[in-house]
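Below is one structure; the comments refer to it alone.
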Amino acid sequence: MALRFYNTLTRKKEEFAPIVADKVGLYTCGPTIYNFAHIGNFRAYMFEDILRRYLEFRGYAVTHIMNLTDVEDKLIRTCRETGEPLKAITARYAEAFFADLDTLGIKRADAYPAATEHIEEMVSLIKTLREKGHTYEEEGSIYFRLSSFPRYGKLSHMDMAQLRDGASGRVDSDEYETEDARDFALWKAWDETDGEVYWETELGKGRPGWHIECSAMSMKYLGASFDIHCGGVDNMFPHHENEIAQSECASGQKFVNYWLHCAHLVVEGKKMSKSLGNFYTLRDLLEKGIDPMAIRWVLAATHYRQPNNFSFDALEAANQSLNRIRDFRLRLAEVKGEGAALEEACKKCEDAFMTAMDDDLNMSGALAAVFEFIREVNKEVDAGQIGEAGARNALALLDRLNTVTGVFSPTMEEAVPEEILAQVQARQEARRARDFAKADAIRDALTAAGWVIEDTSEGARVKRL
RNA sequence: GGCGGCAUAGCCAAAUUGGUAAGGCAGUGGCUUGCAAAGCCAUGUACUCCCGGUUCGAGUCCGGGUGCCGCCUCCA
């Protein structure tokens, strides 16, 4: 079995072969920390999390770098409008971002380099590009000359000639100081609208363009050539295209071997927008009392290259799926005695799981393998054929696969209060006395209090509603 | 206007890449249960958006159409 990814560069699924055996350098475009991230942002970060987790599951030592964009037009505008210093804003939203990652069970990258902490690297990269003749200056700003990089457009398959035609009708060329409307800024000269946001460097007083940060930081942490670069499809052009141009012109080497792009998320079939009222940050959803794991499930269960239709129906279905898995775990924990060890069933499940994931991270297929396993094992539990060893093996399998999916965890452990246990006990006594009216009354009261009782051959099982 | 992606049962969503449609949720019937819950079994004729075409055979390939989405303006 071989791990294969769909490479945007070639538009084909390719067998994955890292530059250095057993090691993977992974760079994923991170957030601009000027606001709370929305659920669509997290779709991409979730995909990258699953990718990283599966690479690790496959035995690769992954170095995962995600940038934080902490200087950029929108941020500067916010500074201007609120009078708040840049750092204060970015610190607040960086903190919120990390908290959200934790809520969703997204593993932390190895480093989150911030643009403002890598001005030196960017300046140095721009200087290299200037020395090699890829730049020109206009009114103190430095631009990348696209015509100096003939391969431009290879990733997004954009035809530059048509791009120009397409743009000419809509773009007021007077707004551009560039020789060619497609050229992009590497360094932006300071003007009064930038306020306090500027750096005095060899390139003058100003700030870096957006694209240069990813080139500078990815190469700093992962080398001039590395394995995988991810992002949302919207970053493909021009951002990733520009990164390739900057990086390859500067280093003379192939920048990235595998480009993986995540499709967008729509809400209830519609593009997420504030005017439609279907714009959600993670916090908005938590306020509605939605289980973060259900959100994780919905974000992760659709193939990353497929548009993900996020809906409240889907969240509810995800909740039920989570319950099924949690109930399965509770059931296994109660199995006692001798019986089947489930070695074959476990192996079959894991193989099917890996076959699906190896095929460009087919999570739906991988989850299907797990559900088939659960149904098979449940059947055997019903028949009393499973032994403690089998139950242990099945639970261990779920734990192992959970390192990839992150949605197979047991129910949150919550101590059942004494008074609830007392009620359960009272109900058991009533049942023994065949006073079902009383038993049902107690059960109703417990349900109202948020506790579910399930009678099993081993006694009553209590869990949170 | 240019380029690209997507369209599978009530909902979500796969299909080893041309070989005769996974899985989950919801629903229905049954077993089990004091009744439930959980679990198991059974159950959907899916004209795979529409119209053509290639092929022994197409959800999968080609052409046309419709709809949705993205990029072309520093939004994952």
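In what follows, chains are A, B, ... by sequence order, proteins preceding strands, each numbered from 1.
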Q.
Any base atoms under 4.0 Å from A:Glu372, or only sugar-phosphate, or nothing? Heavy atoms, all strands.
A. sugar-phosphate
Q) With a 4.5 Å limit on heavy-atom distance, are the side chains of A:Trp259 and A:Ser156 in contact? A) no
Q.
Could you check whether A:Asn67 and A:Thr69, counting side-chain N and O atoms only, form a donor-acceptor pair closer than 3.5 Å?
A. yes
Q: Looking at every strand, decide which applies to A:Asp234 at a 4.0 Å heavy-atom threshold: base, sugar-phosphate, or nothing.
A: base
Q: Could you classify B:rU33 for me, syn or anti, using a glycosidic angle within 90° of 0 as syn?
A: anti
Q) Which part of the nucleic acid, if any, lies within contact of A:Tyr45, taking any heavy atom under 4.0 Å across all strands shown: a base, the sugar-phosphate backbone alone, or nothing? A) sugar-phosphate
Q.
Once you apply a heavy-atom cut-off of 4.0 Å, does A:Asn362 come out as touching a base, just sugar-phosphate, or nothing?
A. sugar-phosphate
Q | Options B:rA76, B:rA13, B:rC72, nucleotide nearest the side-chain atoms of A:Pro238 | A | B:rC72
Q | Closest listed nucleotide, where the reference is the side chain of A:Ser321 and the choices are B:rA13, B:rG24, B:rA76 | A | B:rG24
**Q.** Non-hydrogen side-chain atoms of A:Leu299 and A:Trp297 separated by less than 4.5 Å
**A.** no
(Q) So, OP1 or OP2 of B:rC68: does either fall under 4.0 Å of a side-chain N or O from A:Lys270? (A) no
Q. Side chain of A:Arg43: nearest nucleotide among B:rA76, B:rA7, B:rG70?
A. B:rA76
Q: Treat primed atoms plus P, OP1 and OP2 as sugar-phosphate and everything else as base, then score nucleotides 28-39 of chain B 5' to 3': B for base contact with protein heavy atoms under 4.0 Å, S for sugar-phosphate contact only, - for none.
A: ------BBBBSB
Q: May I ask whether A:His264 stacks on the base of B:rA76, given the cut-offs of 5.5 Å between ring centres and 30° between planes?
A: yes
Q. Do A:Thr28 and A:His64 have a side chain donor and acceptor closer than 3.5 Å?
A. yes
Q: Name the nucleic acid region contacted by A:Leu265, choosing base, sugar-phosphate or nothing; use a 4.0 angstrom heavy-atom cut-off, strictly under.
A: base
Q) Is any side-chain heavy atom of A:Leu68 less than 4.5 Å from a side-chain heavy atom of A:Phe97? A) yes
Q | Rounded distance (Å) that lies between atom C1' of B:rC69 and atom CZ of A:Phe310 | A | 18 Å
Q | Flag for A:Ser215-A:Glu243: side-chain donor and acceptor within less than 3.5 Å | A | no
Q: Please tell me if the side chains of A:Val370 and A:Phe408 come closer than 4.5 Å, counting only heavy atoms from C-beta onward.
A: yes
Q) Is any side-chain nitrogen or oxygen of A:Asn309 closer than 4.0 Å to OP1 or OP2 of B:rC12? A) yes
Q. Among B:rC6, B:rG24, B:rA76, which nucleotide sits nearest the side chain of A:His38?
A. B:rA76
Q.
Need one value for A:Gln306: base, sugar-phosphate or nothing, where a base atom within 4.0 Å counts as base even if backbone is also close, heavy atoms only.
A. sugar-phosphate
Q.
Does a side-chain N or O of A:Thr302 approach OP1 or OP2 of B:rA13 to a distance below 4.0 Å, or not?
A. yes
